Amino acid sequence: NAGVTQTPKFRILKIGQSMTLQCTQDMNHNYMYWYRQDPGMGLKLIYYSVGAGITDKGEVPNGYNVSRSTTEDFPLRLELAAPSQTSVYFCASSRHTGQGYNEQFFGPGTRLTVL
Amino acid sequence: DQQVKQNSPSLSVQEGRISILNCDYTNSMFDYFLWYKKYPAEGPTFLISISSIKDKNEDGRFTVFLNKSAKHLSLHIVPSQPGDSAVYFCAATGSGGSNYKLTFGKGTLLTVNP
């Protein structure tokens with residue numbers, strides 16, 4: 001049981017380039033999330049998904065796109081990389097039951113630098 | 001507008017002593033409060049949570065206290081161990097259908113000295 005895996009671990013992009021950050025979970029969780037963490041800041045929600053085929057914007061969605069074709073995978077796409085997107089990106093998943101609080105499990109993160 | 005605030009960027013304590021990490025919030029609609037722990041180069045891991053209907057939740061060496069009237073919560077670690085050295089994030093979420101959206105504070109770096 002690997003939990004939440006993210007690839008790549010590190011990436012350097014030039015301004016205007018595109019890339020996809022991969023995220024996979026093997027816990028059969030229905031909810032998945034993408035966060036970014038800037039230096040000295042907390043995590044901010046970019047996009048989330050409540051199930052395959054359903055995605056919605058979080059707090060900071062501009063410059064990103066997502067898709068969720070399967071329960072396991074939730075890739076994050078950067079179309080035109082900008083220096084402001086330099087950050088550490090975390091993917092997370094949870095089994096949302098609608099009652100109480102459902103723990104979110106995080107991947108190890110992808111450190112992205114845009115130059 | 002920061003809805004969850006951790007005003008201490010760092011805290012240093014001696015091994016065996018108590019560590020107290022503080023968190024304030026502004027949104028009275030928050031229903032659950034959690035603490036996540038993060039080691040360098042790893043993702044955050046869930047530590048402990050508390051519902052707004054309680055004022056205390058304990059799990060081993062970790063206790064979270066909630067003061068709703070003051071919109072304040074704190075995490076107590078007793079006794080502190082060097083392995084507790086990490087960044088601790090306070091987070092909050094709403095109830096029912098929205099209890100999956102977490103709002104995080106900026107984090108507090110705890111250093112436990114042997």
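Just so it is clear, the model here is predicted, and its values are computed rather than measured. Convention: sequence-line order gives letters A, B, ...; per-chain numbering from 1.
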Turns out that what part of A:Gln37 lies under 4.5 Å from chain B's heavy atoms comes down to side chain
B:Lys38 to A:Phe90 - nearest heavy-atom pair and separation:
CE-CZ, 3.4 Å
Heavy-atom pairs under 4.5 Å with chain B, option from A:Glu103, A:Arg111, A:Lys9 with the top count:
A:Glu103
Side-chain (A:Tyr33) to main-chain (B:Lys101) donor-acceptor, under 3.5 angstrom
no
Can you tell me if CD1 on A:Ile15 sees more than 12 non-hydrogen neighbours from other groups inside 6.0 Å?
yes
Near B:Arg17 CZ, under 6.0 Å, is it more than 12 heavy atoms from other residues, nucleotides or ligands?
no
Do you reckon A:Val66 sits in the same ILVMFWY cluster as A:Tyr64, going by side-chain contacts under 4.5 Å, direct or chained?
yes
From A:Lys44 atom NZ to B:Thr103 atom OG1, the distance as rounded to the nearest 0.5 Å
8.5 Å
Under a 4.5 Å heavy-atom cutoff, which of B:Ala41, B:Ser51, B:Pro44 has the most pairs with chain A?
B:Pro44
May I ask whether B:Leu102 and B:Tyr32 are part of the same hydrophobic cluster, defined by side-chain heavy atoms of I, L, V, M, F, W, Y residues being less than 4.5 angstrom apart, directly or through others?
yes
Would you kindly confirm whether B:Ile20 and B:Val87 end up in one hydrophobic cluster when ILVMFWY residues are joined by side chain heavy atoms under 4.5 Å apart?
no
Evaluate the criterion ring pair (Phe, Tyr, Trp, His ring centres under 6.0 Å) for residue pair B:Tyr36 and A:Phe106; output intermediate values, then yes/no.
CA-CA 10 Å; B:Tyr36 274 79; A:Phe106 284 80; 5.5 Å; yes
Please state whether the side chain, the backbone, both or neither of B:Phe46 comes within less than 4.5 Å of a heavy atom of chain A.
both
If I take atom CG from residue B:Leu34 and atom CD from residue A:Gln104, how far apart are they, to the nearest 0.5 angstrom?
8.0 Å
A:Val4, A:Val88: one ILVMFWY side-chain cluster at the under-4.5 Å cut-off?
no
Do B:Phe104 and A:Tyr48 share a hydrophobic cluster, counting only Ile, Leu, Val, Met, Phe, Trp and Tyr and linking them when any side-chain heavy atoms are less than 4.5 Å apart?
yes
